[in-house]
Amino acid sequence: MTDIPRTPLLLGLTALLPLIWGTLSATVPGLFDIGIQTVGPRFMGIYLLNFYGTVLLVFMSGILWGFAGRADGPVAGPACGLSVLPAIWAFLMVGGGPEGSLIALIAGYLGLLLLDFFFWKLGLAPGWWLRLRLPLAAVATGCLALPLLL
């Protein structure tokens, strides 16, 4: 990860903090109760994972849109169409109950990785993009999955 520019690396790692907190507050006994009293229910457990996980997935769709804007020729149209898929997925699939939404988000993040690879392979994403995205996606999907497993 040493060749990843510092700002994207730090912002990517920082973006994981709400997911890590959501997972901890959903799985560590007593932490949820302490959190409810200090930060309130909106920033706790599965609610936070669903809310923030959705926001982050839609944000990533916007990043793909930026990559698609660099495309020329016959790949430009498909790239633009593919770039909005994570946002459409979140809109259509998240909201069917807390556990179902987590499953939909996990699928969305895994699909996002395929799109990351597509844009990287076409040279529309930076050369270091997958070296950043793979560990971030692993942590994000792990955070979303852990409450479902316990």
Side-chain angles (χ1 to χ4, degrees), residues 1-27 35 39-150:
M1 295 183 96
T2 57
D3 64 331
I4 299 169
R6 185 179 178 138
T7 300
L9 177 60
L10 291 176
L11 289 173
L13 293 172
T14 303
L16 293 174
L17 293 177
L19 293 174
I20 293 168
W21 169 249
T23 300
L24 289 173
S25 63
T27 58
V39 296
R42 180 175 178 207
F43 300 105
M44 299 299 299
I46 290 179
Y47 180 83
L48 174 63
L49 290 172
N50 276 301
F51 180 67
Y52 183 73
T54 301
V55 169
L56 198 55
L57 186 60
V58 171
F59 173 80
M60 293 305 299
S61 192
I63 290 175
L64 296 181
W65 177 261
F67 293 160
R70 299 179 63 206
D72 291 322
V75 74
C80 286
L82 289 172
S83 73
V84 299
L85 286 180
I88 293 169
W89 177 264
F91 175 72
L92 293 175
M93 302 305 292
V94 175
E99 290 83 11
S101 290
L102 288 180
I103 292 168
L105 285 171
I106 292 166
Y109 280 97
L110 294 176
L112 177 63
L113 270 179
L114 294 175
L115 294 172
D116 283 328
F117 178 77
F118 171 77
F119 283 96
W120 175 80
K121 191 73 171 164
L122 289 177
L124 300 173
W128 48 263
W129 186 248
L130 288 181
R131 287 188 298 282
L132 174 66
R133 290 290 302 126
L134 287 170
L136 294 180
V139 172
T141 55
C143 285
L144 295 168
L146 192 58
L148 296 172
L149 301 173
L150 299 178

Using a 3.5 Å distance criterion without hydrogens, assess whether the side chain of Ser25 forms a donor-acceptor pair with backbone atoms of Gly45. yes
Closest non-hydrogen contact found for Val58 with Ala90 is CG2-CB, 3.9 Å
Within the 4.5 Å heavy-atom criterion, are Asn50 and Pro98 side-chain neighbours or not? yes
Could you measure the distance from the CG atom of Leu149 to the CG atom of Leu144? Nearest 0.5 Å is fine. 11.0 Å
On a heavy-atom basis, the closest approach of Ala15 and Tyr52 is O-OH, 2.8 Å
Taking the side chain as every heavy atom from C-beta outward, state whether Val94 and Leu57 have any pair of such atoms under 4.5 Å apart. no
Compare all side-chain heavy atoms of Leu110 with those of Thr141 and state whether any distance is below 4.5 angstrom. yes
Rounded to the nearest 0.5 angstrom, the CG-CG distance for Leu9 and Leu136 is 7.5 Å
If every non-hydrogen atom of Pro147 is compared with every non-hydrogen atom of Thr23, which pair is closest and at what distance? CD-CG2, 4.2 Å
Spacing of Trp89 atom CH2 and Thr54 atom OG1 [to the nearest 0.5 Å]: 12.0 Å
Between the side chain of Trp21 and the main-chain N/O of Phe43, is any donor-acceptor distance below 3.5 Å? yes
Nearest heavy-atom approach of Met44 to Gly40 is CG-O, 3.0 Å
Sequence neighbours excluded, every pair satisfying salt bridge (charged side-chain N to carboxylate O under 4.0 Å, His left out) that has a member inside residues 107-123: Asp116-Arg133
Once rounded to the nearest 0.5 Å, what's the spacing between atom CD1 of Ile63 and atom CG of Leu115? 12.5 Å
Can you name the closest pair of heavy atoms from Met60 and Leu112 and give their distance? CB-CD2, 3.5 Å
Stepwise side-chain contact (heavy atoms from CB on, under 4.5 Å) check, Leu102 with Ile46: CA-CA 8 Å; Leu102 288 180; Ile46 290 179; 4.0 Å; yes
Do the side chain of Tyr109 and the main chain of Gly53 share a donor and acceptor less than 3.5 angstrom apart? yes
More than 12 foreign heavy atoms under 6.0 Å from CH2 of Trp65: is that the case here? no
Once you measure the plane-to-plane angle for Phe51 and Tyr47, does it fall in the parallel (<30°), tilted (30-60°) or perpendicular (>60°) bin? parallel
Quick one, Leu82 with Leu64, criterion side-chain contact (heavy atoms from CB on, under 4.5 Å). Give me CA distance, side-chain angles, the key distance, then yes/no. CA-CA 8 Å; Leu82 289 172; Leu64 296 181; over 6 Å; no
Could you measure the distance from the CG atom of Leu146 to the CG atom of Leu150? Nearest 0.5 Å is fine. 4.5 Å
Contact summary for Val75 and Ala71, nearest pair of heavy atoms: CG1-CB, 3.9 Å
Polar side-chain atom of Ser83 near backbone of Ser61 as donor-acceptor pair, under 3.5 Å: no
Determine whether Leu105 and Leu49 satisfy the following criterion, side-chain contact (heavy atoms from CB on, under 4.5 Å), listing intermediate values before the conclusion. CA-CA 9 Å; Leu105 285 171; Leu49 290 172; over 6 Å; no
Just by distance, do the side chain of Ser101 and the backbone of Gly95 share a donor-acceptor pair under 3.5 Å? yes
Does the ring center of Trp129 lie less than 6.0 Å from the ring center of Phe67? yes
